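Here is the structure we will look at, set down as structure tokens.
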Number of protein chains: 2
Amino acid sequence: MEEKVMYIGMVCELTGLSERQIRYYEERKLVFPVRTKGGVRKYSFEDVDNIREINRNIKDGFRTFELKGMLNKRLHGRGQA
Amino acid sequence: MEEKVMYIGMVCELTGLSERQIRYYEERKLVFPVRTKGGVRKYSFEDVDNIREINRNIKDGFRTFELKGMLNKRLHGRGQA
DNA sequence: CGTGTAAGGAATTCTGACACG
DNA sequence: CGTGTAAGGAATTCTGACACG
């Protein structure tokens with residue numbers, strides 16, 4: 001399901017992270033939610049998985065800019081993680 | 001995906017129906033969203049499908065109480081629609 | 001019966017900033 | 001750097017009611 005259907009509150013529930021963390025990952029160009037006409041962020045289950053992985057990597061000592069590099073490689077490579 | 005993750009606004013977008021219609025189907029015991037601590041309804045993709053079917057049946061001339069009967073039969077029968 | 005709407009309140013989310021280290 | 005928080009505003013949703021037919 002890559003449909004962007006849930007708000008940040010649900011993402012917090014599903015991941016256990018804070019709104020601040022999730023918005024920060026977006027600021028660092030690691031997650032790309034779409035917006036409601038009113039400006040509210042909408043996420044997909046795929047986004048939730050990515051967010052989980054991002055947080056895991058950060059806990060493992062990676063920096064967001066490093067994760068960004070990894071993300072770009074994936075997008076230019078041949079598939080998933 | 002039977003996780004209740006989206007708000008009524010998203011259900012409206014996905015189904016093309018009004019909030020009024022969706023809440024009414026709930027009032028008639030045809031849909032069962034869960035609630036946020038604050039009282040906000042949360043729906044699953046399965047709910048969205050059910051809502052679409054309910055509306056289709058209503059357009060075909062069925063009454064909500066008839067659909068309720070059909071729903072009960074399904075739940076007591078041996079599976080899906 | 002099934003759905004539209006105006007009404008006021010409550011819950012949720014948004015942005016920008018200050019803080020720590 | 002990554003995250004917490006208080007602040008004020010804006011978007012979204014909620015309920016109960018009146019309306020039509």
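These numbers come from a predicted model, not from an experiment. Note that these values count all heavy atoms, side chains included, but never hydrogens, waters or copies made by symmetry. Each chain gets a letter, A, B and so on, in the order the sequences are listed, and its residues count up from 1.
- Between B:E3 and B:K42 no salt bridge is recorded (no basic side-chain N to carboxylate O distance below 4.0 Å).
- Distances were taken from every side-chain heavy atom of A:I8 (C-beta onward) to each of D:dT3, D:dC14, C:dT13; the shortest belongs to C:dT13.
- Of all non-hydrogen atoms in A:S18 and A:C12, the two that sit nearest each other are C-SG, 3.8 Å.
- Closest to the side chain of B:V40, from the set C:dT3, D:dT3, C:dT12, is C:dT12.
- Checked against D:dT3, C:dC14, D:dT15, the side chain of B:R35 finds its nearest nucleotide in D:dT15.
- Between B:E19 and B:R23 there is a salt bridge, since a side-chain N of the basic residue sits under 4.0 Å from a carboxylate O of the acidic one.
- By the 30° and 60° cut-offs, the orientation of the rings of A:F45 relative to B:F45 is tilted.
- When the P atom of D:dT13 is taken as reference, atom NZ of A:K37 falls 12 Å away, rounded to whole Å.
- Map B:G38 and B:E27 each onto its nearest nucleotide of DNA chain C; the residue landing nearer the 5' end is B:E27.
- Picking from D:dT12, C:dT3, D:dG2 the nucleotide with the shortest atom distance to the side chain of A:T36 gives D:dT12.
- Going from atom CE of B:M6 over to atom P of C:dT12 covers 18 Å, rounded to whole Å.
- Comparing atom distances between the A:E19 side chain and each of D:dG2, D:dG4, C:dT13 picks out C:dT13 as nearest.
- Listed pair B:R28 / C:dG2 meets the phosphate criterion, a side-chain N or O lying under 4.0 Å from OP1 or OP2.
- For a distance-only test at 3.5 Å, the side chain of B:R20 qualifies as a donor-acceptor partner of the base of C:dT5.
- For B:R23, taking side-chain heavy atoms from C-beta onward, the closest of the listed nucleotides D:dT15, C:dG2, C:dT15 is D:dT15.
- With a cut-off of 3.5 Å on both Watson-Crick or G-U wobble distances, the partner of D:dA10 is given as C:dT12.
- Between B:R35 and B:E26, at least one side-chain N (NZ, or NE/NH1/NH2) sits under 4.0 Å from a carboxylate O, which counts as a salt bridge.
- Under the Watson-Crick or G-U wobble criterion, with both distances below 3.5 Å, C:dA17 is paired with D:dT5.
- Comparing C:dT15, C:dG4, D:dT12 against the side chain of A:Y7 picks out D:dT12 as the nearest.
- The phosphate of D:dT3 (OP1 or OP2) has a side-chain N or O of A:Y25 nearer than 4.0 angstrom.
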